[in-house]
Amino acid sequence: MKIFVLAGLIAFSGVALANSGHSAHTSQHGHAAADLQTQAAQAQPSQSIQVSGCWIRSLPAPAPSAGYFLIKNSGNHDVKLQAAVSSTYGMVMLHQTTQHDGMSKMSETHEVVIPAAGELEFKPGSYHAMLEQAKKAPAIGSQVAIDFLFDNGEKASAQCEVKPANTKAH
Ligand SMILES: [Cu+2]
């Protein structure tokens, strides 16, 4: 019995450790995805924020696919993109690719500012949406719906064209 308790403690501390690492990070987002679906369903469609030119570079699972698009904010206030959600993918993360000493590195971001009366392009080598856990690989040429959630409680929706892995950035 004592040994069993001890093993439980070790397992528990293992979970606590993993929480600061990447694997648990993923499951936290997996959990958040359901909340995001609800949040997206309840959010008001924005009158001032538009997402256009959305396309997806589709890679075979388990590799993540990437989403690129242009966000325009015609409002008088800066807005922050906080999350994206799609019923086609179990998880959508906002990523930023940066260059350090000639090395390319991706990191997750939760707040991307779209300036008032401005725009921001998500494009290869920069900001992108990382699309993971496809429920069923979308066909090349088909359209995938993505909702974008902003800090003002509004959402913008886009239809994104699925393109093959070798698509050149435009
Ligand atoms: Cu990425």
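We count ligands from 1, going down the list as the structure has it; atoms in each ligand are counted the same way.
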* Within residues 70-106 or reaching into it, pairs that qualify as ring-ring contact (aromatic ring centres under 6.0 Å, His included) - sequence neighbours excluded -> H95-H128
* Asked: Should S86 and V144 count as side-chain neighbours, where that means a heavy-atom distance under 4.5 Å?
  -> yes
* What about F69 and I140, same hydrophobic cluster or not, with Ile/Leu/Val/Met/Phe/Trp/Tyr joined at side-chain heavy-atom distances under 4.5 Å? -> yes
* Asked: With sequence neighbours excluded, what pairs up with E154 under the side-chain hydrogen bond (donor to acceptor under 3.5 Å, both in side chains) test?
  -> S46, N152
* To do: State which residues pass side-chain contact (heavy atoms from CB on, under 4.5 Å) with A84; sequence neighbours excluded, sorted by chain then number.
  => V92, L94, I146, F148
* To do: Measure the shortest side-chain to side-chain distance between I71 and F150 over non-hydrogen atoms and say whether it is less than 4.5 angstrom.
  => yes
* Asked: Sorted by chain and residue number, which protein N/O/S atoms are under 2.8 Å from the Cu ion (ligand 1)?
  -> H95 ND1, M106 SD, H128 NE2, M130 SD
